[in-house]
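Naming convention: chains lettered A, B, ... in sequence-line order (proteins, then strands); numbering from 1 in each chain.
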Number of protein chains: 2
Amino acid sequence: MARKTGSHSDITGPKVRAAAQKLFARYGYAAVSMRQIAGEVGVQAGALYNYTPDKQSLLFDMMKAHMEELLAAWEAEPKGEGPLTRLEAFARFHVRFHLDRPEAVFIAYMELRNLEPGNFEVIEALRKRYESELEAILRDGQEAGVFSLADSKLTTLAVIAMLTGVTTWYRDEGRLSRDRVVGIYWNMVRKAVGA
Amino acid sequence: MARKTGSHSDITGPKVRAAAQKLFARYGYAAVSMRQIAGEVGVQAGALYNYTPDKQSLLFDMMKAHMEELLAAWEAEPKGEGPLTRLEAFARFHVRFHLDRPEAVFIAYMELRNLEPGNFEVIEALRKRYESELEAILRDGQEAGVFSLADSKLTTLAVIAMLTGVTTWYRDEGRLSRDRVVGIYWNMVRKAVGA
DNA sequence: GGTTGAACTGAACAGCCGTTCAGTTCAACC
DNA sequence: GGTTGAACTGAACGGCTGTTCAGTTCAACC
């Protein structure tokens, strides 16, 4: 029988994940100990094992959730018609989504090598599925004569690298507003694909 | 009196740096132990301390050397006249330089957070000096009416992110030759800045 | 061929690692 | 108010960490 109050698992569980995300993003997975995470949450290290089977799962679950959220959010995004409109939707969506989750993004790009082989494959597959969304748009636009690309695969990776790079420097208190940054990135992408 | 043969320090020293670079790039600084590095070199862990005062210096010296090599190489690069020519020189140089040193580049971008504060500042300053080289070109081109930029600072970071991204996917055995890749990236940069 | 000293070994140091688990706490229920 | 069980503590496990250092090796020199 589930208790309503007095039960902390639905509070501590998210706290554990939040603490792990914060610390992994700041210091890196390998440099963060379970005791540090526990300290951030306010419990002893042993208590963490009520919420995760091990440290690796903490990383993997967080990365998997991030990638699935990314794919689901893009699927739910209104995309409009035609390659140019869809590319604009993608560019704006990508920058906004990444600006909203700087920690998760940082971890997703930095901690791939700390995943055990089986876990790595899962995340890698999700990442490729996302990349193929952009590549499909670029190929469609290329065939329709809307874009002018030397190589759609290379362009896909170059565009994603450029857009994702926003997280390395953007700060909310900064000189440029979010909307302005999103608009500038979209403009650069548009020009880069020759549209 | 320095011995000519029989002395291994001029062999082991570079070996240590090479092993550290290889392992840091593959598994990350925090995940690599001094015993692993020693094993790669073929000595015991204690012997490493003939070549570095500590593990942190191994990382810092390698990153500092990389950044200084980057700046020196760019300084030595023939740049030509005018913003467009200089931008082309920069783009081609950047991609080529980074393709030649995938491990050092990877470490320089991934291990910043594992630098002690004082060391971090040094590397950060070198990185900013390099970025300002590109920004100067972009501002000159903007003022000369050759480029069309929404924001020179943002464009600087976006261009560098795009160009550096090449190291995440390029493989020598791949579909596209180095020269072809360099040319495609330059073309995307050129279009992105509106030239 | 005896001496020197750079290079290296191998063991030890204190301390932290991820993980386990018997025992304690205490709100929620009967 | 006694019982239950989820949540958590605190100590322990073996093993690994970066670093130190007395002792060994051995090529190069006098």
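- Legend: ring pair (Phe, Tyr, Trp, His ring centres under 6.0 Å) pairs involving residues 127-153 of chain A, not counting sequence neighbours, sorted by first then second residue: A:Phe90-A:Tyr130, A:His94-A:Tyr130.
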Would you give me the side-chain donor-acceptor pairs under 3.5 Å for residues 37-44 of chain A, sequence neighbours excluded?
from: A:Glu40; atom 1: OE2; to: A:Lys22; atom 2: NZ; distance (Å): 2.7

Scan nucleotides 10-16 of chain C against the protein and return all N/O pairs shorter than 3.5 Å with their distances rounded to 0.1 Å.
from: C:dA12; atom 1: N6; to: B:Arg35; atom 2: NH2; distance (Å): 3.3

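- In this structure, the nucleotide among D:dC8, D:dT17, D:dG18 sitting nearest to the side chain of B:Gln36 is D:dT17.
- In this view, A:Phe120 satisfies the ring pair (Phe, Tyr, Trp, His ring centres under 6.0 Å) rule with no residue, not counting sequence neighbours.
- Look at NZ on B:Lys55: it is 15 Å from P on D:dC16, rounded to the nearest Å.
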### Message
Both atom distances under 3.5 Å, Watson-Crick or G-U wobble: I'd like the secondary structure of DNA chain C as a dot-bracket string, with | for pairs made across strands.
### Response
||||||||||||||||||||||||||||||

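- Side chain of A:Asn50, nearest nucleotide from D:dG18, C:dC8, D:dA7: D:dA7.
- Between the NZ atom of B:Lys15 and the P atom of C:dA7 there is a distance of 14 Å, rounded to whole Å.
- Checked against D:dC8, D:dG18, C:dA7, the side chain of B:Tyr51 finds its nearest nucleotide in C:dA7.
- Remark: B:Thr12 is in phosphate contact with C:dC8, judged by side-chain N or O atoms under 4.0 Å from OP1 or OP2.
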Only distances under 3.5 Å count here; give the side-chain donor-acceptor pairs of residues 61-70 of chain A to other protein atoms, sequence neighbours excluded, each with its distance to 0.1 Å.
from: A:Lys64; atom 1: NZ; to: A:Glu68; atom 2: OE2; distance (Å): 3.3
from: A:Glu69; atom 1: OE2; to: A:Arg101; atom 2: NE; distance (Å): 3.1
from: A:Glu69; atom 1: OE2; to: A:Arg101; atom 2: NH2; distance (Å): 2.9

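- Taking the ring axis of B:Phe93 as reference, the NZ or CZ atom of B:Lys79 does not stay both within 45° of it and closer than 6.0 Å to the ring centre.
- Residues that satisfy the side-chain hydrogen bond (donor to acceptor under 3.5 Å, both in side chains) test with B:Gln36, not counting sequence neighbours, are absent from this structure.
- When the ring pair (Phe, Tyr, Trp, His ring centres under 6.0 Å) test is applied to B:Tyr49, no partner is found at least two apart in sequence or on another chain.
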Identify every side-chain donor-acceptor pair in residues 177-188 of chain B under 3.5 Å, counting partners at least two apart or on other chains, and give the distances.
from: B:Ser177; atom 1: OG; to: B:Arg180; atom 2: N; distance (Å): 3.1
from: B:Arg178; atom 1: NH1; to: B:Asp100; atom 2: OD1; distance (Å): 2.6
from: B:Tyr185; atom 1: OH; to: B:Trp169; atom 2: NE1; distance (Å): 3.1
from: B:Asn187; atom 1: OD1; to: B:Arg190; atom 2: NH2; distance (Å): 2.5

